[in-house]
Number of protein chains: 2
Amino acid sequence: MREQLETLTEGNETSEGSGRNTLRYIMLGLLWARPMSGYDIKQTFERAIASYWNAGNSQIYTTLKNLHKAGLIDAEIIVQTSRPNRKVYRLTRAGEEELSRWLQEDVPERFTKDEFLAKLFFCGETSDEVALVHLRSHRESLLKQLAHMDWARREYGSRPVRRPHLLEYQLLVREYKEAVLKAGLEVTENAIARLEQRLNAPSS
Amino acid sequence: MREQLETLTEGNETSEGSGRNTLRYIMLGLLWARPMSGYDIKQTFERAIASYWNAGNSQIYTTLKNLHKAGLIDAEIIVQTSRPNRKVYRLTRAGEEELSRWLQEDVPERFTKDEFLAKLFFCGETSDEVALVHLRSHRESLLKQLAHMDWARREYGSRPVRRPHLLEYQLLVREYKEAVLKAGLEVTENAIARLEQRLNAPSS
DNA sequence: GATTTCATGTAACTTGTTACATGATTGT
DNA sequence: ACAATCATGTAACAAGTTACATGAAATC
């Protein structure tokens, strides 16, 4: 049914096997904007991206090595005296092309995973009290995420930008995420209120 | 604050290493409600859970084997003549206890991953036209998910239920998911409108 | 004196995805 | 004839997580 084209003509330097490699492309996207070290990348994740994608240091550093091996980024060691040396990476021409290809590629419809909803789904199998605990701590989590977005906006959102066109879409993503968090918060708060009323009411 | 009871008396048959094992618990939760085969479980995912958690057949069948080996579920083969035989699993006492433990356990704050937002974030590095394509197909995807929820509600939402208490939380999860999808849809549609206007307008 | 920040990584493991494999029956 | 439904799996690989390791400088 499905022909085996991938084994034929391609020299496959990029080793595009299966898998989506989203992290690789995010990192290429970040390095396109400016050269960075693994440490810088991790920080950018925390500041701006963590709410819809994140990666640990280990993944970041191994991915940087892979990208380098694949010829998509160049490395340069910045010697520092009173700090550990930095390894700063920048996109190569091939890297730019890969990134541009990915940006134009369709996003497949993929499910998101949400452990909170998964657990809530089964809360009928335990008690309302347990459900209430989960809902309350989820509310705290949502509020914390919203506060973090506010903080990031104040701290990093309004300073002069190298590439103003980038900012527009970054703001859109923020707007999206914020709307989604607020919608979730509203449902959560309503559910908490209902449960509290039921648990406090002199039961029938 | 939180005592470390788990390290004391437990002989840890369940081999709780690292990892969250969310899929295992979801499957325990499903089997608590009624005995099911791997096939049934897959269908339940598609119908009711896929929008915030999903798993392929391969993962489902291997997880069933693991749960069985761990003594959390029992297996029974139902011989069928005009169909392949079914292997129906049901929770053991140990399985019920595991599930109950998980339900009471806190949900850690974990990031969600969203490839659409990740790509959108970098759309300033390509053209508005490309971004518009992504936004439009995301809109279609959201509408499809909302339509699927409607379909599931009509098809499976209103028939008599074995355990009515379960339903309440399942409806809450649905309400949550629906609110979140709608909030995303609104932002998406606004962004599409803005972009369309800009691209059609005789530029300044 | 303790903690945080800067800075880079390795090893071991778990989880998730894709592709492949099989095969009868029922509906269009 | 063709596709879909029922039904269960294996193998190979990619991606993600946790734990561990190091070590100087700055801040509290």
Side-chain angles (χ1 to χ4, degrees), chain A residues 1-7 12 14-27 36-46 50 53-68 70 75-89 108-113 115 118, chain B residues 14-27 36-46 50 53-68 70 75-89 108-113 115 118:
Chain A
M1 281 233 153
R2 191 169 307 189
E3 284 108 301
Q4 218 86 356
L5 292 174
E6 51 273 22
T7 40
N12 107 322
T14 332
S15 83
E16 180 101 44
S18 55
R20 310 255 345 123
N21 287 334
T22 309
L23 179 61
R24 290 167 67 107
Y25 293 111
I26 290 175
M27 286 172 59
M36 284 197 255
S37 68
Y39 192 86
D40 296 333
I41 288 175
K42 180 59 185 166
Q43 287 202 316
T44 308
F45 267 101
E46 307 287 5
W53 206 282
N54 208 346
N57 278 339
S58 62
Q59 223 188 334
I60 287 172
Y61 286 111
T62 53
T63 302
L64 280 171
K65 272 201 173 163
N66 291 158
L67 289 172
H68 187 235
E76 183 192 357
I77 290 165
I78 311 278
V79 180
Q80 299 188 128
T81 50
S82 66
R83 296 234 166 269
N85 292 341
R86 290 160 52 80
K87 227 184 242 177
V88 173
Y89 295 90
E109 289 191 52
R110 334 198 67 233
F111 41 86
T112 12
K113 300 199 190 282
E115 199 179 337
Chain B
T14 333
S15 86
E16 181 98 44
S18 57
R20 310 250 351 117
N21 287 333
T22 308
L23 178 61
R24 290 166 67 107
Y25 292 110
I26 290 175
M27 286 172 60
M36 286 198 254
S37 69
Y39 193 85
D40 296 334
I41 288 174
K42 180 60 183 167
Q43 286 202 315
T44 307
F45 267 101
E46 307 286 4
W53 206 285
N54 208 347
N57 277 338
S58 63
Q59 224 188 334
I60 287 173
Y61 286 110
T62 53
T63 302
L64 280 172
K65 275 203 171 161
N66 290 159
L67 290 172
H68 187 234
E76 184 193 357
I77 290 164
I78 309 278
V79 180
Q80 299 189 127
T81 50
S82 66
R83 295 234 166 271
N85 292 341
R86 289 160 55 79
K87 226 184 244 179
V88 173
Y89 295 89
E109 288 191 53
R110 330 196 71 231
F111 40 85
T112 13
K113 299 199 189 282
E115 199 178 336

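Proteins come first, then strands; the chains are lettered A, B, ... in the order of their sequence lines, and each starts at number 1. Side-chain atoms are counted along with the backbone in the values below, which use heavy atoms only and exclude waters and symmetry mates.
Under the salt bridge (charged side-chain N to carboxylate O under 4.0 Å, His left out) criterion, A:Lys42 pairs with A:Glu46, not counting sequence neighbours. With sequence neighbours excluded, the residues that form a side-chain contact (heavy atoms from CB on, under 4.5 Å) with B:Phe45 are B:Leu23, B:Ile26, B:Met27, B:Leu30, B:Ile41, B:Ile49, B:Trp53, B:Asn54, B:Ile60. With sequence neighbours left out, B:Asn57 forms a side-chain hydrogen bond (donor to acceptor under 3.5 Å, both in side chains) with no residue at all. For A:Glu109, the side-chain hydrogen bond (donor to acceptor under 3.5 Å, both in side chains) test picks out B:Lys144, with sequence neighbours left out. Scored by the salt bridge (charged side-chain N to carboxylate O under 4.0 Å, His left out) test, B:Lys113 finds no partners at all (sequence neighbours excluded).
As rounded to whole Å, 13 Å separates atom P of C:dT14 from atom OH of B:Tyr25. Here D:dA15 presents its C1' atom at 11 Å from CG of A:Asn66, a figure rounded to the nearest Å. To the nearest angstrom, C1' of D:dG16 lies 12 Å from NZ of A:Lys42. At whole-Å resolution of the value, CG in A:Asn54 and C1' in D:dG16 are 11 Å apart. Between B:Lys113 atom NZ and C:dT17 atom P there is a gap of 12 Å when expressed in whole angstrom units. Taking atom CZ of residue A:Arg24 and atom P of nucleotide D:dG16, one finds them 12 Å apart after rounding to whole Å. One interatomic measurement links the two molecules: CE of B:Met27 to C1' of C:dG16, which rounds to 14 Å at whole-angstrom precision. Across the protein-nucleic acid pair, B:Glu109 atom CD and D:dT17 atom C1' stand 17 Å apart, rounded to whole Å.
Between A:Ala55 and A:Ser82, the one whose closest nucleotide on DNA chain D sits nearer the 5' end is A:Ala55.
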Once base and sugar-phosphate atoms are separated, protein heavy atoms under 4.0 Å mark nucleotides 3-11 of chain C, 5' to 3', with B, S and - as --SBBBBBB
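Using modelled atom types, one finds a donor on one side chain and an acceptor on the other under 3.5 Å when comparing A:Ser37 with A:Asp40.
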